[in-house]
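So the structure is just underneath, and the comments pick up after that.
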Amino acid sequence: MEGTTGRSKSEMESGSTSNNNESHIAFKEGSWFGQFKNGSNPWMARYVYGLIFLASNLLAWAVRDYGRNAFPEMERLKNCQGGRGCLGAEGVLRVSLGCFAFYFVMFLSTAGTSSLYNCRDTWHSGWWSVKIGLWIALTATAFLVPTFIIQIYGEIAHFGAGVFLLVQLVSVISFITWLNDCCQQDKTEDKCHIHVMLLATAAYIICIVGIIMMYVWYAPEPSCLLNIFFITWTLVLIQLMTSVSLHPKVNAGILTPGLMGLYIVFICWCAIRSEPAGENCIRKAEASNRTDWLTIISFIVALLAMVIATFSTGIDSQCFQVKKEAPVGDAVPYGYGFFHFVFATGAMYFAMLLIGWNTHHIIKKWTIDVGWTSTWVRIVNEWLAVCVYLWMLVAPVILLRCRQTNESA
């Protein structure tokens with residue numbers, strides 16, 4: 001009797017599992033709209049989360065630049081203090097708080113999901129009407145909380161934005177090392193040798209051209225000592241990374257320092273571009289008092305780049321894994337919890353960009369990430385990137401020497 005009951009119970013469980021698998025496969029074979037409606041495609045779901053994140057960015061920008069004209073009813077709210085507490089920099093923080101709360105809820109409800117055939121996977125990939133309503137409700141609630149809570153959130157957002165930059169840094173370095181490892185495999189080493197040399201040479205040429213152009217644009221006079229220091233130190237760091245990578249005990253090749261050189265040159269350029277207009281060493285100071293089409297295009301490109309960076313970092317959940325493995329069977333294609341965590345910290349990051357990392361800083365229209373605080377955040381991020389990269393190069397050598405010392409002892 002007990003054996004029959006055990007068999008019937010196991011048959012029922014296997015039958016229900018097979019039914020779930022069959023229904024999931026049926027949804028997968030349907031149209032894109034059917035997959036979206038039934039919540040059966042996590043790869044499509046990530047684009048919807050990216051669009052929600054973009055909408056939050058646009059709302060924060062609108063509140064900052066055009067809030068008084070577009071949202072005059074906010075002045076009636078008691079905690080808005082005539083609109084000052086819900087518009088401008090504080091309005092950006094309120095939109096950011098609503099976006100952060102949404103993705104943090106999603107993080108808590110999807111962290112640890114490992115299988116495609118359970119309710120948490122369906123929640124991540126479906127239920128869009130509920131989740132969009134939740135995002136709207138949390139964003140609206142953020143405009144009802146007292147000002148002191150927003151100020152506390154603004155201080156916490158500095159730390160959260162730093163976490164986002166660190167995760168993004170690890171993701172970039174992980175991609176560069178992965179690309180280098182693929183080219184050094186036995187099967188593809190001969191085939192990729194020429195491509196590696198061409199890519200590395202192009203990277204170094206672009207780095208040198210970029211540094212020369214930064215000298216021309218942002219250090220036109222000998223008195224521009226700070227910009228000269230930033231640019232020159234970037235050149236020194238590229239030389240340092242190349243020397244360490246080519247050291248016989250490290251032997252990491254020439255590709256990774258070249259790509260890392262591109263990355264830190266880009267960060268250095270962004271840092272100098274973040275310096276406030278009006279400085280003698282910044283050529284854009286001549287057009288600082290007017291908003292032209294180039295300023296608008298630069299703002300749009302910077303905003304989209306930030307959203308794309310958040311999106312690409314979020315799906316790279318394996319960047320913190322020592323041993324990367326491809327998903328097998330019914331495993332989720334990417335870490336849902338990590339994905340939402342990156343977007344949650346990204347909500348804090350876009351707030352810092354729109355207010356220049358300073359809650360009391362007045363930002364002009366159609367500008368992003370401008371101010372001395374933004375400049376130094378970028379520079380420190382550049383130096384930290386080099387330190388992390390160098391540690392990844394020398395750590396195996398140090399650990400190997402320590403292991404040999406212990407064995408001999």
Side-chain angles (χ1 to χ4, degrees), residues 165 167-219 230-273 298 301-302 304-306 308-313 315-316 318-326 378-379 381-397:
L165 288 175
V167 173
Q168 185 184 45
L169 169 62
V170 174
S171 177
V172 170
I173 297 178
S174 176
F175 170 76
I176 292 175
T177 54
W178 170 83
L179 181 62
N180 185 66
D181 292 341
C182 289
C183 294
Q184 289 183 348
Q185 291 179 357
D186 295 335
K187 295 181 180 179
T188 61
E189 188 174 1
D190 296 335
K191 189 182 300 183
C192 290
H193 183 70
I194 298 177
H195 298 84
V196 169
M197 293 300 299
L198 292 175
L199 184 59
T201 303
Y204 280 105
I205 292 175
I206 295 174
C207 288
I208 294 174
V209 172
I211 288 175
I212 293 174
M213 296 305 296
M214 283 193 292
Y215 274 123
V216 174
W217 288 341
Y218 304 122
F230 289 158
I231 301 169
T232 305
W233 187 244
T234 300
L235 181 61
V236 172
L237 292 177
I238 293 175
Q239 178 63 39
L240 177 62
M241 290 189 299
T242 305
S243 301
V244 174
S245 180
L246 295 179
H247 192 276
K249 292 185 178 180
V250 177
N251 195 22
I254 197 174
L255 179 61
T256 54
L259 297 178
M260 278 299 299
L262 286 177
Y263 183 59
I264 66 172
V265 167
F266 173 74
I267 296 177
C268 180
W269 175 77
C270 292
I272 298 177
R273 287 281 299 177
S298 300
V301 170
L304 292 177
M306 195 271 297
I308 294 173
T310 307
F311 178 85
S312 59
T313 305
I315 61 177
D316 189 18
Q318 292 187 341
C319 64
F320 285 93
Q321 296 179 4
V322 177
K323 184 178 180 181
K324 298 183 179 181
E325 298 178 354
R378 295 286 187 183
I379 291 298
N381 187 35
E382 175 192 347
W383 298 344
L384 181 62
V386 175
C387 291
V388 173
Y389 173 73
L390 292 177
W391 171 250
M392 292 179 66
L393 291 180
V394 302
V397 178

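Below, each value reflects all heavy atoms present in this structure, side chains not excepted, and no hydrogens, waters or symmetry copies. Everything numeric in this text was worked out from a predicted model, so none of it was measured.
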What distance do R378 atom CZ and F230 atom CZ have between them, rounded to the nearest 0.5 Å?
13.0 Å

Quick one: do L237 and E382 satisfy side chain to side chain contact (heavy atoms under 4.5 Å, CB included)? Show the steps, please.
CA-CA 10 Å; L237 292 177; E382 175 192 347; 3.9 Å; yes

Distance check, rounded to the nearest 0.5 Å: C268 atom SG versus W383 atom CH2?
10.0 Å

Which atom of M241 lies closest to which atom of V386, heavy atoms considered:
CG-CG1, 4.0 Å

Find the distance between CG (L169) and CD1 (I267) and round it off to the nearest 0.5 Å.
7.0 Å

Indicate every side-chain donor-acceptor pair of residues 197-204 with a distance under 3.5 Å to a residue at least two apart or in another chain.
| unit_1 | atom_1 | unit_2 | atom_2 | d |
| --- | --- | --- | --- | --- |
| T201 | OG1 | M197 | O | 2.7 |
| Y204 | OH | T242 | OG1 | 2.8 |

With side chain to side chain contact (heavy atoms under 4.5 Å, CB included) as the criterion, how do Q239 and V236 come out once you've worked through the C-alpha distance, each side chain's angles and the decisive distance to 0.1 Å?
CA-CA 5 Å; Q239 178 63 39; V236 172; 5.7 Å; no

Candidates I231, L235, V209 - the one meeting side-chain contact (heavy atoms from CB on, under 4.5 Å) with M214:
I231

Donor-acceptor contact below 3.5 Å, side chain T177 vs main chain I173:
yes

Report the distance from atom OG of S171 to atom CD1 of I176, rounding to the nearest 0.5 Å.
10.0 Å

Spatial distance of atom CG (L259) from atom CD1 (I254) [nearest 0.5 Å]:
10.5 Å

Non-hydrogen atoms of A252 and T256 that approach each other most closely
O-OG1, 3.8 Å

Keeping the roles fixed (side chain from S245, backbone from G253), state whether a donor-acceptor pair exists under 3.5 Å.
yes

May I ask you to check whether Y215 and T232 show a side-chain donor-acceptor distance below 3.5 Å?
yes

Would a 4.5 Å heavy-atom cut-off, applied to side chains only, mark I238 and V265 as touching?
yes

What's the spacing between I264 CD1 and Y389 OH if we round to 0.5 Å?
10.5 Å

